Asker: 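Sharing a structure, written as structure tokens. Questions coming.
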Number of protein chains: 2
Amino acid sequence: MQNDVVYLDHAATTPLDERVLEAMLPHLGRAPNGSPRGNPSSLHAPGVFAREAIEDARASVAQLVGADDSGEILFTAGGTESDNLAVLGLAAADPDKKHVVISAVEHPAVREAAGRLGAAGYEVTSIGVDADGLVSPAELAGALHSDTVLAAVMWANNEVGAVQPIEEIAAICYEAGVPLHVDAVQAAGRLPIDVSRIPVSTLALSAHKLYGPQGVGALYVRGGVDLEPVLFGGGQEKGLRSGTENVAGIAGFGEAARLAFEELEERTRHEEALRETLISGVTGIPGVRLNGHREKRLSSNVHVSVEGVEAESLVLFLDALGCAVGSGSACASSTAGHKASPVLLAMSRTPEEAISSIRITVGKDTTQEEVTSFLDSCATAIAQLRELSPLYTGKS
Amino acid sequence: MQNDVVYLDHAATTPLDERVLEAMLPHLGRAPNGSPRGNPSSLHAPGVFAREAIEDARASVAQLVGADDSGEILFTAGGTESDNLAVLGLAAADPDKKHVVISAVEHPAVREAAGRLGAAGYEVTSIGVDADGLVSPAELAGALHSDTVLAAVMWANNEVGAVQPIEEIAAICYEAGVPLHVDAVQAAGRLPIDVSRIPVSTLALSAHKLYGPQGVGALYVRGGVDLEPVLFGGGQEKGLRSGTENVAGIAGFGEAARLAFEELEERTRHEEALRETLISGVTGIPGVRLNGHREKRLSSNVHVSVEGVEAESLVLFLDALGCAVGSGSACASSTAGHKASPVLLAMSRTPEEAISSIRITVGKDTTQEEVTSFLDSCATAIAQLRELSPLYTGKS
């Protein structure tokens with residue numbers, strides 16, 4: 001029964017916190033008061049029980065992002081739906097404007113939604129990033145004009161962990177009167193987020209990236225911001241997200257958000273120490289190069305290109321040694337795994353570097369022992385794969 | 001800890017089956033092999049564990065609807081998303097055709113999606129129903145023409161439980177070369193469904209209507225049918241439904257589908273007996289009239305108009321007596337609760353009858369004792385509300 005996998009792929013998904021599961025179980029048929037599960041739209045007691053759980057969760061998620069009014073939080077089925085709702089919903093709400101600005105390193109959920117607008121005749125401007133993965137606020141400012149319906153810049157990148165200057169970017173968009181959507185899926189629970197101070201219009205969250213359940217997300221929508229729905233039906237979530245609510249999932253998200261808010265500093269400090277051990281250990285191996293800004297990066301993220309090694313082989317070799325890490329982004333389906341990451345290409349990495357990159361992401365429960373054990377396995381795996389590689393020229 | 005609510009609102013949501021919860025727990029941090037939760041797109045062992053659970057569930061859902069190829073099942077976040085994906089996705093896949101046919105009693109997820117097409121310039125034909133809630137196949141046949149991109153008729157109605165002649169309707173659409181979408185959210189688990197025999201193009205399912213988790217649905221998409229996605233991103237589910245999969249929810253849906261398939265006859269027989277007791281008991285009260293076809297109705301469904309009583313008051317009165325029933329459809333958010341049901345109006349009920357209607361829906365675990373107890377409470381509640389009503393003229 002012992003779990004002996006060294007799990008270092010927290011950017012793909014985090015373990016479900018046991019406290020979160022406890023908060024879900026009352027809505028999975030194990031209510032302490034014996035209430036049967038209800039539909040939150042129902043008038044009777046089981047419906048009220050479900051509805052109250054949703055509103056409690058909404059307050060916890062609002063607190064996590066600094067929203068004064070929990071009515072500014074909409075629950076969705078995940079980060080992708082939240083990103084889609086923001087990008088497509090902001091565009092549809094102001095249909096006379098036909099220009100969209102996104103960064104070159106957005107999550108596919110933003111990039112593909114913007115691409116869909118492009119296919120519908122919108123002009124889509126992609127703002128490049130520097131070699132560290134950072135967006136230039138000046139370049140963004142230059143791209144906004146009177147026809148711009150929205151800009152989208154993620155808070156922290158899901159692959160290389162680069163943390164964008166969101167405060168500066170939000171100020172620029174606010175000045176220009178352009179709604180800003182921020183994908184904070186990786187940032188939430190790792191960086192302090194305060195929408196009362198930073199004038200984003202919408203902000204996307206995903207529960208399973210912060211120890212909550214898979215299949216639940218949220219979109220913060222600032223009061224007064226107009227948005228059109230992308231799913232149509234019974235009119236739940238103020239008409240902006242129809243469909244019977246995932247009550248257990250939402251209750252779990254609420255608890256995960258509450259814990260993330262309470263434990264934020266402690267988690268970040270813990271992760272940063274592990275990250276530094278990992279970075280010095282892994283970049284100590286010849287031909288291993290860190291991707292993403294050295295300081296402006298998530299506490300959890302180490303991303304490296306490994307010369308002479310194909311990422312997928314390295315991930316599978318490490319898996320055989322009991323270590324779980326990511327190749328590129330797990331947020332794209334595995335069928336897309338062989339393509340070079342657009343994020344790395346945007347950072348001026350070569351396609352060879354891009355397909356030689358692995359992502360090592362720690363979590364709140366990762367231990368120094370696990371990191372040490374991983375570093376041993378990693379050195380072994382890289383050495384053995386390089387021995388086998390006809391392409392690697394740095395052999396001893 | 002004893003649950004003493006008589007829960008008769010199974011059409012709104014069913015209790016989660018304990019066996020379903022057991023199938024979910026391995027993906028909620030309690031894997032017997034100790035595996036941490038993985039992202040199904042990840043290459044490593046936790047990713048494979050998640051991916052295999054999804055494929056097992058896909059096979060079980062395929063079996064429930066008679067699909068030969070489990071690749072024809074796509075997982076979504078629920079019935080609403082499945083209906084939206086079908087209606088909007090079929091229309092987008094054949095953009096030259098600009099005519100849509102739906103029945104007048106469709107779930108809001110279909111009706112509102114079709115309305116969205118209408119707002120975008122499509123012609124939308126709504127096929128009426130008779131006083132029993134049944135669509136006329138001949139009227140449907142007459143509405144189809146060469147510009148018709150899709151027809152949508154639900155298998156069984158979520159309010160009055162009327163079961164449509166889907167076999168005949170599917171044959172007509174097939175002959176006409178028009179893709180048919182069927183919302184089988186209420187039918188699945190209560191009626192045998194066999195897409196290998198009935199030529200629907202797409203068919204929507206929801207887990208929480210058949211003792212599975214909330215927040216998970218599926219869309220059957222027949223091989224060869226073209227569909228465009230409504231959510232864009234990482235390309236999961238063959239590019240038709242991006243977003244990290246809700247692994248625990250999907251595993252639960254799989255188990256719920258497996259059990260529904262195995263226990264279908266037994267459940268239906270059990271429910272029908274309860275339904276008959278309810279119908280004779282409740283229509284024995286003066287001024288109570290059954291809505292929906294007497295025989296062509298779901299095993300679980302009793303829907304009545306109660307003269308002189310406002311539905312919401314009756315639901316709340318019954319709630320106070322420990323009985324949970326529905327007013328109209330709980331699939332619409334509670335803010336919509338005061339409007340007369342479009343389904344009942346389409347059946348030529350008056351607005352007064354429509355707002356005096358309650359839905360009583362039994363489930364596989366409902367007992368005859370609960371039904372008897374409910375009938376007592378219902379008689380009491382109706383009598384007392386009528387005493388208070390200035391409008392009711394039938395007082396003794």
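Each chain gets a letter, A, B and so on, in the order its sequence line appears, and its residues count up from 1. Not measured: the values here are computed from a predicted model.
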Asker: Using a strict cut-off of less than 4.0 Å between a Lys/Arg side-chain nitrogen and an Asp/Glu carboxylate oxygen, indicate whether A:E18 and B:R37 qualify as a salt bridge.
Answerer: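 No.
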
Asker: Sequence neighbours left out, what passes salt bridge (charged side-chain N to carboxylate O under 4.0 Å, His left out) with B:E228? Give chain and number order.
Answerer: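 If we apply the salt bridge (charged side-chain N to carboxylate O under 4.0 Å, His left out) test to B:E228, skipping adjacent residues, the hits are A:R116.
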
Asker: Among A:E245, A:K238, A:M24, A:R111, who wins on heavy-atom pairs under 4.5 Å with chain B?
Answerer: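 Among the listed options, the one with the most contacts to chain B is A:E245.
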
Asker: Nearest 0.5 angstrom please: A:S242 OG to B:E81 CD, how far?
Answerer: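 Output value for this atom pair is 12.0 Å.
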
Asker: Has the side chain of B:D319 got a donor or acceptor atom that lies under 3.5 Å from a matching backbone atom of A:A45?
Answerer: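 Checked: pair present.
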
Asker: Does any backbone or side-chain atom of A:L28 lie under 4.5 Å from a heavy atom of chain B? Answer side chain, backbone, both or neither.
Answerer: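 A:L28 touches chain B through backbone and side-chain heavy atoms alike.
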
Asker: Would you indicate whether the side-chain heavy atoms of A:P46 and B:V5 approach each other to under 4.5 Å?
Answerer: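 Result yes, sub-4.5 Å side-chain heavy-atom pair found.
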
Asker: Contact part of B:L25 toward chain A, heavy-atom cut-off under 4.5 Å: side chain, backbone, both or neither?
Answerer: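 Only the side chain of B:L25 comes within 4.5 Å of chain A.
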
Asker: Tell me, side chain or backbone of B:L316 under 4.5 Å from chain A's heavy atoms, or both, or neither?
Answerer: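 Side chain of B:L316 only, per the 4.5 Å heavy-atom cut-off to chain A.
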
Asker: Evaluate the side-chain proximity of B:H208 to A:N39: yes if any heavy-atom separation is below 4.5 Å, no if none is.
Answerer: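 Touching, per the 4.5 Å side-chain cut-off.
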
Asker: Count the heavy-atom pairs under 4.5 Å between each of A:V48, A:V325, A:I250 and chain B, then report the option with the highest count.
Answerer: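 It is A:V325.
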
Asker: Quick one: which of A:A320, A:G215, A:G115, A:A77 has the most heavy-atom pairs under 4.5 Å with chain B, could you say?
Answerer: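 So the answer, after comparing A:A320, A:G215, A:G115, A:A77, is A:G215.
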
Asker: Could you have a look at A:G29, A:G79, A:G38 and say which one has the most heavy-atom pairs with chain B under 4.5 angstrom?
Answerer: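 Option with the top pair count is A:G38.
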
Asker: In Å, rounded to the nearest 0.5 Å, how long is the span from OG of A:S35 to OH of B:Y7?
Answerer: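 Output value for this atom pair is 9.0 Å.
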
Asker: With heavy-atom distances below 4.5 Å as the criterion, would you say the side chains of A:L43 and B:S327 are in contact?
Answerer: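 A side-chain contact under 4.5 Å exists here.
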
Asker: What part of A:L21 lies closer than 4.5 angstrom to a heavy atom of chain B: side chain, backbone, both or neither?
Answerer: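 Looking at A:L21, just its side chain touches chain B.
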
Asker: By a 4.5 Å heavy-atom criterion (distance strictly below it), what part of A:T14 contacts chain B: side chain, backbone, both, or neither?
Answerer: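 Backbone plus side chain of A:T14, per the 4.5 Å heavy-atom cut-off to chain B.
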
Asker: Look up atom CZ in A:F232 and atom CG in B:D83, then write down how far apart they are to the nearest 0.5 Å.
Answerer: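 It is 13.0 Å, given to the nearest 0.5 Å.
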
Asker: Kindly give the heavy-atom pair with the smallest separation between A:A12 and B:S42, and that separation in Å.
Answerer: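 Of all heavy-atom pairs spanning A:A12 and B:S42, the closest is CB-OG, 3.8 Å.
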
Asker: Is A:L318 close to chain B through its backbone or its side chain, or both, or neither, when contacts mean heavy atoms under 4.5 Å?
Answerer: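 Neither; nothing under 4.5 Å.
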
Asker: Considering only heavy atoms, which portion of B:V247 lies under 4.5 Å from any heavy atom of chain A: side chain, backbone, both, or neither?
Answerer: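 Looking at B:V247, backbone and side chain both touch chain A.
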
Asker: Might you work through the side chain to side chain contact (heavy atoms under 4.5 Å, CB included) test for A:N246 and B:N246, ending with a clear yes or no?
Answerer: CA-CA 11 Å; A:N246 176 352; B:N246 177 353; 4.0 Å; yes

Asker: Between B:H27 and chain A, which part of the residue has a heavy atom less than 4.5 Å away: side chain, backbone, both or neither?
Answerer: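 Looking at B:H27, nothing touches chain A.
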
